[in-house]
Number of protein chains: 2
Amino acid sequence: MKNTRNTRARTEILNLITSSEEALSHSQIQSSLKDLCDRFTIYRVLDRLTYEGIIHKVVNIDGVIRYAKCHNCDEKHHPDHIHFSCEQCHTVTCLEDVEPQFKLPKKYKVHEVNFTVSGICPSCS
Amino acid sequence: MKNTRNTRARTEILNLITSSEEALSHSQIQSSLKDLCDRFTIYRVLDRLTYEGIIHKVVNIDGVIRYAKCHNCDEKHHPDHIHFSCEQCHTVTCLEDVEPQFKLPKKYKVHEVNFTVSGICPSCS
DNA sequence: ACTACATTTGCAATACTGTTGCATTAATAA
DNA sequence: TTATTAATGCAACAGTATTGCAAATGTAGT
């Protein structure tokens, strides 16, 4: 595995995602960053951060991929937590304490999980 | 609500999805249909079938939207079932009997659910 | 602090994905 | 068979994403 470098783009994008309460899409990140770097770099930084396991992907029912960083993962990691997508304010948030229970037939090998629930969030109802 | 018509495109697309074991993406449907109709029509037919509740959407972690029809929904509908995405053969299948249990904080109103698990399916392992 | 070097970035080119307006076609009901 | 209205096909457009390559930059070693 190759070394990874702390570039300005990487630092800023990670800061943005870490300080955000909600999961951010590529376009949201792009407009926040303005001209710090171009959109190609954003794609590549997000891929790198995901590959390194520092952030995780969330996919909404509309197919928009967003990125988030758990805030309490330092204590205990909840890799399978649910994400909530509000139909009104269009924010996607991690519900890090909600971990669904399910049983797959034995022969399935699970690597990754994507649980998204859409509806109305507390602030909009 | 307006009336819906049984056009050739609609019939063929629904047949395709119904007879398929796996969830199909727009591009998969397009290449199966060849020149039956153009891609714009496919988009619109899929939207209509989804709106009418005849088929349902599945979103993979890569953001690709696929469409599927439950085969045992006539007996009992399982709207919240899990979908499995195989990383090797890239098929997405409905696990209609696997319905996960989860508890959201009271203030969240749930309308829709998207549960996808990726890994290796039985035929690939 | 300087240098070497591999990683990362920026840009160009390209392809895929998805939406909308409008004229035409075709499915349905009478 | 005809009238009506949904559905289609086409054009135009916009957003999303990938890749190759040269230039820039971060990092380790000196």
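Here is the naming used below: chain letters follow the sequence lines, and residue numbers restart at 1 for every chain.
Here the CD1-CD distance, from A:Ile17 to A:Gln28, works out to 10.5 Å after rounding to the nearest 0.5 Å. Here the CZ atom belonging to B:Arg10 is positioned 11.5 Å from the CG atom belonging to B:Leu46, to the nearest 0.5 angstrom.
By the side chain to side chain donor-acceptor pair (under 3.5 Å) test, A:Asn60 pairs with A:Ser85, sequence neighbours left out.
At whole-Å resolution of the value, CZ in A:Arg10 and C1' in D:dT25 are 15 Å apart. Here the P atom of nucleotide C:dT19 and the CZ atom of B:Arg48 are 14 Å apart, to the nearest Å. B:Glu12 has its CD atom 17 Å from the P atom of D:dA7, to the nearest Å. Atom-to-atom, CG of B:Leu46 to C1' of C:dT19 comes out at 14 Å; the value is rounded to the nearest Å. For A:Tyr67 and D:dA17, the OH to C1' distance is 10 Å, given to the nearest whole Å.
For the 3.5 Å distance criterion, the side chains of B:Thr4 and B:Glu52 qualify, holding a donor opposite an acceptor. No side-chain donor from either of A:Ser27 and A:Gln30 sits under 3.5 Å from a side-chain acceptor of the other.
For residues 23-45 of chain A, proximity to DNA chain D is found at A:Arg39, A:Phe40, A:Tyr43, A:Arg44, defined as any non-hydrogen atom under 4.0 angstrom from a strand atom.
Sorted by first and then second residue, the salt bridge (charged side-chain N to carboxylate O under 4.0 Å, His left out) pairs with a member in residues 38-47 of chain B form an empty list; sequence neighbours excluded. Residue pairs meeting the side chain to side chain donor-acceptor pair (under 3.5 Å) criterion with at least one partner in residues 102-125 of chain A, sequence neighbours excluded, are A:His111-B:Glu87.
Inter-axis angle, ends of the helix from C:dA1-D:dT30 to C:dA30-D:dT1, five pairs per end, rounded to 10 degrees: 50°.
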TODO: Please lay out, stage by stage, how A:His26 and A:Arg66 fare under the test side chain to side chain contact (heavy atoms under 4.5 Å, CB included).
DONE: CA-CA 7 Å; A:His26 174 271; A:Arg66 288 161 201 266; over 6 Å; no

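Hydrophobic clustering of Ile, Leu, Val, Met, Phe, Trp and Tyr side chains at less than 4.5 Å, counting indirect connections, unites B:Ile61 with A:Ile54.
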- [ ] Heavy atoms under 4.0 Å is the rule here; annotate nucleotides 24-30 of chain C 5' to 3' with B where the base is hit, S where only the sugar-phosphate is, and - elsewhere.
- [x] --BBS--

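Where B:Ala9 and A:Ile65 each meet DNA chain D at their nearest nucleotide, the meeting point lying more 5' is that of B:Ala9.
With hydrogens and angles disregarded, no donor-acceptor distance shorter than 3.5 Å links the side chain of B:Ser20 to the backbone of B:Leu16.
Side-chain contact between B:Cys121 and B:Cys89 is present, with at least one heavy-atom pair separated by less than 4.5 Å.
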